[in-house]
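Right, one structure below, let's go through it.
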Amino acid sequence: MSNKPSIPKGTRDFNPQEVVKRNYIFDVIRQAFTRFGFLPIETPSFENSDTLMGKYGEEGDRLIFKILNSGDFLRKVSDDDLKTRNIPGITSSISEKALRYDLTVPFARYVVQHRNEIDFPFKRYQIQPVWRADRPQKGRFREFYQCDADVVGSDSLWQEVELVQLYDTVFSDLKLRNTTIKLNNRKILSGIAEVIGAEDKLIDFTVALDKLDKIGKDKVKEEMREKGISEEAIEKVEPLFSVTGTASEKIESLKNLLSASETGMRGIEELEFIVNTIDELGLSSAKLEVDVTLARGLNYYTGAIFEVAAPSEVKMGSIGGGGRYDDLTGIFGLKDTSGVGISFGLDRIYLVMEELGLFPETVLETTRALFVNFGEKEAMYAMRAVSALREEGIAVDLYPDPAKMGKQMGYADKRGIPFVILAGETEIESNNYTLKNMRSGEQKTLDIDQLVNELK
RNA sequence: GUGGUUGUAGCUCAGUUGGUUAGAGCACUAGAUUGUGGUUCUAGGGGUCGCGGGUUCGAAUCCCGUCUUCCACCCCA
């Protein structure tokens, strides 16, 4: 009397068709990463808690899956902590390990730990699942894949340019057109905070600003007020809400706004370089857009900030994000190593592609041809051809049982196998095979060499 | 973490103010068809109505709890 089995909230099983389609996206991304000169690494699914905790802000810590210690995990908990329900204290006593929350922080740990074996600048890519104890919604899961490409050990802005091109390449290869790569710079945000005198509220300020296109400027102001940003500062921010036009027009108005801030002006310079260079080099299908309100993401970005929005006809959160971080390896004891990277959200890209019908039909074709099984003697004859075809790299199968033909054909049909091969008594006598095209219904009699050629 | 929403066959869903053995389409299995599938016809299998408790003579239907789904916050891929 067992209950129906189930899987945890926010996780999924993938059936063969889904896996095949996911692999198609993985392959496109992996090939692009390779072409851009990135090398693959992998890190463990779980890290020591202190590697992860405190790197994503307070909210992030809450969303990290903690792993309960083995054995008597209560041993180190003090009665005091229990009595006062000191959750952070208890948590650190009963859990020493945690599932990775993203790929960037483990990568920073990897770089620091292996610094003597790494040749800098180091370009690595990493495609692995991450886990977040978030409440699931559409496109939000508790287990999902990230595909990251990062460069550490170079502060050249050419890296940012290449990463924009990498985004463009991947989405163009996937035939996912009209994505928008949004670009901003943390220094610009710092500059704004500086100019309006709200430096101490930078995070609250940027989080509020980020919601501009979603909740409108009045609500943004309201949230800033709630977070304790002065009325004077909010007033000074006003011109920012009307920064519009082309990228260069936006940059011009930003220059006016931020002329008093050295940091801000440096951010604008960086932004301008990336925009101008991409403008010169061109993109094949994506659009690069300056968005000063873009502030999402993790607190560790110090320079460029990227985010990719899906085509506007699909309602989906961002399908990629990234940026430059100067201090991340510093947390682990390696100073002056700048890094910049981007991430692709595989699961969301999948949903977008599904919604837009962008998966090529050929992706689902796994087996090219199925031999009908007529009996023991005929199966032996067929099996010789099966081996020959497989050696040529062609995916073929023999139906395992001498079932009725209708059943065997139906099996091929449902699995989307495009060809069926009949090898029965008549074919054996003439040393031939009958090849049937399942789509057109057309049949041909061929010898083994012709068969190989036809199916290649 | 806060507020709301959803759950009936493998899938998509009906199920009247609580009232007999809970239905449909698709899918599945078998046959019509002993070397021809995707379109037809016939028959069949499959559900302790998410789970647990309560109200009632009687619960898929009402109440409570719990899990799940999706949505809005929070935050984010």
Side-chain angles (χ1 to χ4, degrees), chain A residues 1-12 15 25 29 56-64 87 101-104 127-148 203-204 206-208 210-211 214-215 219 223 227 294-299 306-310 315-322 341-352 370-375 378 399 402-428 433-443:
Chain A
M1 284 291 161
S2 63
N3 291 334
K4 271 187 191 165
S6 64
I7 53 173
K9 190 201 313 208
T11 64
R12 295 147 300 156
N15 66 32
I25 302 176
I29 293 175
Y56 310 100
E58 213 175 297
E59 192 67 24
D61 282 357
R62 209 195 76 211
L63 298 176
I64 292 173
I87 303 295
Y101 177 88
D102 70 357
L103 300 177
T104 309
I127 299 177
Q128 290 190 280
V130 301
W131 294 269
R132 295 186 187 177
D134 208 351
R135 198 172 280 198
Q137 284 180 30
K138 181 174 185 178
R140 281 179 100 151
F141 308 101
R142 298 185 120 182
E143 177 183 62
F144 60 96
Y145 268 80
Q146 287 194 334
C147 313
D148 275 31
I203 302 273
D204 286 336
T206 52
V207 165
D210 183 69
K211 295 176 189 164
K214 200 170 178 183
I215 62 177
K219 287 267 176 70
E223 181 165 333
K227 295 285 181 184
L294 172 62
R296 295 232 235 155
L298 307 163
N299 315 332
F306 304 107
E307 184 171 303
V308 183
K315 203 181 157 223
M316 181 64 68
S318 64
I319 54 176
I342 58 172
S343 180
F344 292 81
L346 175 107
D347 300 85
R348 286 188 179 178
I349 293 171
Y350 179 97
L351 290 171
V352 170
L370 179 77
F371 282 79
V372 172
N373 189 330
F374 286 106
E378 292 88 344
Y399 195 88
K404 279 205 188 120
M405 239 187 119
K407 188 173 168 148
Q408 302 193 41
M409 301 284 284
Y411 177 79
D413 190 48
K414 264 180 294 184
R415 286 212 25 209
I417 299 172
F419 293 98
V420 164
I421 298 163
L422 307 180
E425 218 170 317
T426 26
E427 283 84 2
I428 295 178
Y433 300 88
T434 300
L435 178 72
K436 180 184 170 88
N437 181 323
M438 291 295 275
R439 185 161 300 180
S440 63
E442 184 194 354
Q443 297 193 177

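A, B, ... follow the sequence lines: proteins, then strands. Residue 1 opens every chain.
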Legend entry - Pairwise P distance, B/U8 and B/G1 [rounded to whole Å]: 25 Å
Legend entry - Nearest-nucleotide pick for A/R135, side chain only, options being B/U36, B/G1, B/C74: B/G1
Inset, instruction - Identify whether any heavy atom of A/G410 sits under 4.0 Å from a base atom; if not, whether one sits that close to sugar-phosphate; answer base, sugar-phosphate or nothing. - result: sugar-phosphate
Inset, instruction - With sequence neighbours left out, write down each residue that passes ring pair (Phe, Tyr, Trp, His ring centres under 6.0 Å) with A/F374, or none if nothing qualifies. - result: none
Inset, instruction - Measure from the ring centre of A/Y411 to the centre of the six-membered ring in the base of B/G37, then say whether that distance is under 5.5 Å and the planes meet at under 30°. - result: no
Inset, instruction - Quote, to the nearest angstrom, the C1' distance that separates B/G23 from B/U16. - result: 14 Å
Inset, instruction - Tell me which of A/R62 and A/V207 sits closer to the 5' end of RNA chain B, going by the nucleotide each one is nearest to. - result: A/R62
Inset, instruction - Return the orientation label for the A/F371 and A/Y433 ring planes: parallel under 30°, perpendicular over 60°, tilted otherwise. - result: perpendicular
Inset, instruction - Determine the Euclidean distance between corresponding C1' atoms of B/G18 and B/C74; express it in Å to zero decimal places. - result: 41 Å
Inset, instruction - Using distance alone, with no hydrogens and no angle criterion, decide if A/T434 and A/Q443 have a side-chain donor and acceptor under 3.5 Å apart. - result: no
Inset, instruction - Check whether any side-chain nitrogen or oxygen of A/K404 sits under 4.0 Å from OP1 or OP2 of B/G31, and answer yes or no. - result: yes
Legend entry - Donor/acceptor link under 3.5 angstrom from A/E58 side chain onto base of B/G1: no
Legend entry - Phosphate OP1/OP2 of B/C74: any A/K211 side-chain N/O under 4.0 Å: yes
Inset, instruction - Answer with base, sugar-phosphate or nothing: what part of the nucleic acid does A/F141 contact at a heavy-atom distance below 4.0 Å? - result: base
Legend entry - Sugar-phosphate, base or nothing in reach of A/G60, heavy atoms under 4.0 Å: nothing
Inset, instruction - May I ask you to evaluate whether A/Q408 reaches the phosphate of B/G37, defined as a side-chain N or O under 4.0 Å from OP1 or OP2? - result: no
Legend entry - Residue whose nearest RNA chain B nucleotide is more 5′ - A/K407 or A/D413: A/K407
Inset, instruction - Give the nucleotide from the list B/C71, B/G35, B/A77 with an atom nearest to the side chain of A/L422. - result: B/G35
Legend entry - Watson-Crick or G-U stems involving RNA chain B, each at least 3 pairs long, distances under 3.5 Å, ordered by first number: B:1-4 with B:70-73, B:10-13 with B:23-26, B:28-32 with B:40-44, B:50-54 with B:62-66
Inset, instruction - Would you indicate, yes or no, if B/C73 has its OP1 or OP2 atom less than 4.0 angstrom from a side-chain nitrogen or oxygen of A/K214? - result: yes
Inset, instruction - Kindly indicate whether the side chain of A/K9 and the base of B/U68 share any N or O donor-acceptor pair separated by less than 3.5 Å? - result: no
Inset, instruction - For B/C28, take OP1 and OP2 only and decide whether either is under 4.0 Å from a side-chain N or O of A/K414. - result: yes
Inset, instruction - List in chain and number order the residues that pass ring pair (Phe, Tyr, Trp, His ring centres under 6.0 Å) with A/F141, two or more places apart in sequence or in another chain; answer none if no residue qualifies. - result: none
Inset, instruction - Identify whether any heavy atom of A/G10 sits under 4.0 Å from a base atom; if not, whether one sits that close to sugar-phosphate; answer base, sugar-phosphate or nothing. - result: sugar-phosphate
Inset, instruction - Check if the side chain of A/R140 and the base of B/C71 share a donor-acceptor pair of N or O atoms closer than 3.5 Å. - result: no
